[in-house]
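Counting begins at 1 with the first residue of the sequence.
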Amino acid sequence: MAKRTRINRPYPTHLIEEALPIAQAIQDVNSGHSVETSLLARELRTSVTSSAFIQKLNSSSKYNLTAGTNKDDYISLTELGESITASRAPEDRAGALEQAALYPEIFRRFYELYANKRMPEDVYATSTLIRDFGVHPDLASECLHTIRMNGLFVGIISDHSGIVSIGRRKPVEVVEQKKPASRAAVGTEEPEPYNTPPNSGDDSRTVLILTLGDMDEVGVEVLDILNELSLPTRLVNIDLLEGDLVPKDMAAALDSAHGCVFVWPLSSGNGGNQQDWRAWAILGAASYGLGQRLVVALTDSDGSWPSANTESLNISIASNEPRGSFYRNLMSALIQSGTLRIGLG
């Protein structure tokens, strides 16, 4: 198989919500003063060479939350990052978050283009990103997803009407992750199994998309399909070779998710290397946390998926075989798992 050429993104890889922990950690551990890069990575339970840490750090910089890269000795908060992480007034924090969402040029131009108008359907919005903003066609859906989710998060986009409204200063509520009492305690707490109904609030229909390593075309297709179904999504990308076996942010995301689609990495099978063990650990944690509301999305059904090892797991499988049937298979798996319900009447 030919090696896929990496396409550089002219926008942040991560959502604002995913990049915020970088800035918040600086505020929490050193009252907003610069933090040594290696110490910051350790605080976030990763390393300076982790691709996930590097990407989040780059995203944080592109939102103008922090200054510095993984190659710098120190990472510091920008004035905007300080405003967001230290603000006690909801309106001030909301206004600063809106500024962060508008900081990347492509995002700002898109919001300004549709200011006080309804967000167009995906097919037209992605066409605009490609034609007018120069976004690579393979990245247009991902870019639109980030624009939409950031807009909903900071209040630029109404979650009811879809109207883009800059300057509304809608207060943003962020659920802060609880920090462990000590590093020795990290990973010792056992999560409660998913045995209660979903939350009754806005997160009750959120579907978690888990990807391991680089986002591939299957992950993008899953994202597109869920967007077409108007299902709120949360994307969590996990570095296969770095960090805790089951990251804390993933455990927190599972707690609030209604369902999960786990994009199974192609290179993971029955082997005994670190990547294989990581993939199986993530699968087990997701199955334990969500029960039957777990769908595993496969790129191919070439015999590499060891179904015999998963008979005890109540999960649904969506494969891309026969070729071109992924949409139908994913829809069937979502319905079978109870993540998607079709109503009549």
Side-chain angles (χ1 to χ4, degrees), residues 1 4 119-127 129-130 137-146 148-149 162 194 198 204-237 253-254 257-269 279-280 282-283 286-287 289-345:
M1 182 182 293
R4 189 181 294 113
M119 277 277 290
E121 294 182 14
D122 287 4
V123 63
Y124 303 110
T126 53
S127 176
L129 288 171
I130 296 168
D138 291 347
L139 299 176
S141 293
E142 178 192 84
C143 182
L144 178 62
H145 171 74
T146 304
R148 178 184 287 109
M149 297 306 292
Y194 185 90
S204 62
R205 294 175 61 239
T206 298
V207 178
L208 180 65
I209 303 175
L210 282 178
T211 62
L212 279 64
D214 293 334
M215 183 86 156
D216 60 17
E217 61 268 20
V218 176
V220 172
E221 189 168 1
V222 168
L223 191 59
D224 288 345
I225 291 173
L226 294 183
N227 284 338
E228 288 178 10
L229 296 171
S230 298
L231 289 174
T233 58
R234 179 175 181 182
L235 180 65
V236 174
N237 179 267
L254 284 171
H258 172 62
C260 174
V261 179
F262 179 16
V263 181
W264 186 258
L266 275 177
S267 55
S268 291
W280 283 106
I282 297 300
L283 177 65
S287 176
L290 285 173
Q292 69 177 17
R293 291 194 181 94
L294 172 63
V295 174
V296 176
L298 306 177
T299 300
D300 294 296
S301 295
D302 57 359
S304 62
W305 175 251
S307 57
N309 294 344
T310 59
E311 291 178 352
S312 61
L313 300 178
N314 190 14
I315 61 178
S316 302
I317 307 295
S319 70
N320 200 31
E321 293 291 330
R323 185 66 62 184
S325 62
F326 183 70
Y327 179 88
R328 181 189 64 213
N329 291 341
L330 180 60
M331 287 286 291
S332 176
L334 289 170
I335 294 172
Q336 178 181 340
S337 68
T339 302
L340 178 64
R341 298 184 183 277
I342 303 298
L344 299 177

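Screening Thr211, Thr233, Ile209 against Val222 for a side-chain contact (heavy atoms from CB on, under 4.5 Å) leaves a single residue, Ile209.
Taking OH of Tyr124 as the start and CG of Leu144 as the end, the distance is 14.0 Å to the nearest 0.5 Å. The CG atom of Leu298 sits 10.0 Å away from the CZ atom of Phe262 when rounded to the nearest 0.5 Å. Note: Leu226 CG to Leu334 CG = 6.0 Å, rounded to the nearest 0.5 Å. Taking OG from Ser332 and OH from Tyr327, the interatomic distance works out to 12.0 Å, rounded to the nearest 0.5 Å. Summarising the geometry, atom OG belonging to Ser141 is positioned 7.0 Å from atom CG belonging to Asp122; distances are rounded to the nearest 0.5 Å. Separation of atoms OG (Ser337) and CZ (Arg293) is listed at 8.0 Å; rounding is to 0.5 Å.
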> How far apart are the C-alpha atoms of His258 and Thr206, what are their side-chain angles, what is the distance that settles it, and do they pass the side-chain contact (heavy atoms from CB on, under 4.5 Å) test?
Replying inline: CA-CA 6 Å; His258 172 62; Thr206 298; 5.7 Å; no
> Could you go step by step and tell me if Val261 and Leu208 meet the side-chain contact (heavy atoms from CB on, under 4.5 Å) rule?
Replying inline: CA-CA 6 Å; Val261 179; Leu208 180 65; over 6 Å; no
>> Pair Leu283, Trp264 - check side-chain contact (heavy atoms from CB on, under 4.5 Å), show working.
In response: CA-CA 9 Å; Leu283 177 65; Trp264 186 258; 4.1 Å; yes
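The two residues Ala140 and Leu129 have their closest heavy-atom pair at O-CD1, 3.7 Å. Ala318 and Ala333 get closest at one heavy-atom pair: CB-CB, 4.1 Å. Residues Ile315 and Leu294 share a closest heavy-atom pair of CG2-CD2, 3.5 Å.
At distances below 3.5 Å, not a single donor-acceptor pair connects side-chain atoms of Thr339 with backbone N or O atoms of Ile335.
Leu210 has its side chain within reach of Cys260: a pair of non-hydrogen atoms, C-beta onward, lies under 4.5 Å apart.
Legend: residues meeting side chain to side chain donor-acceptor pair (under 3.5 Å) with Thr126, ordered by chain and number and at least two apart, are absent.
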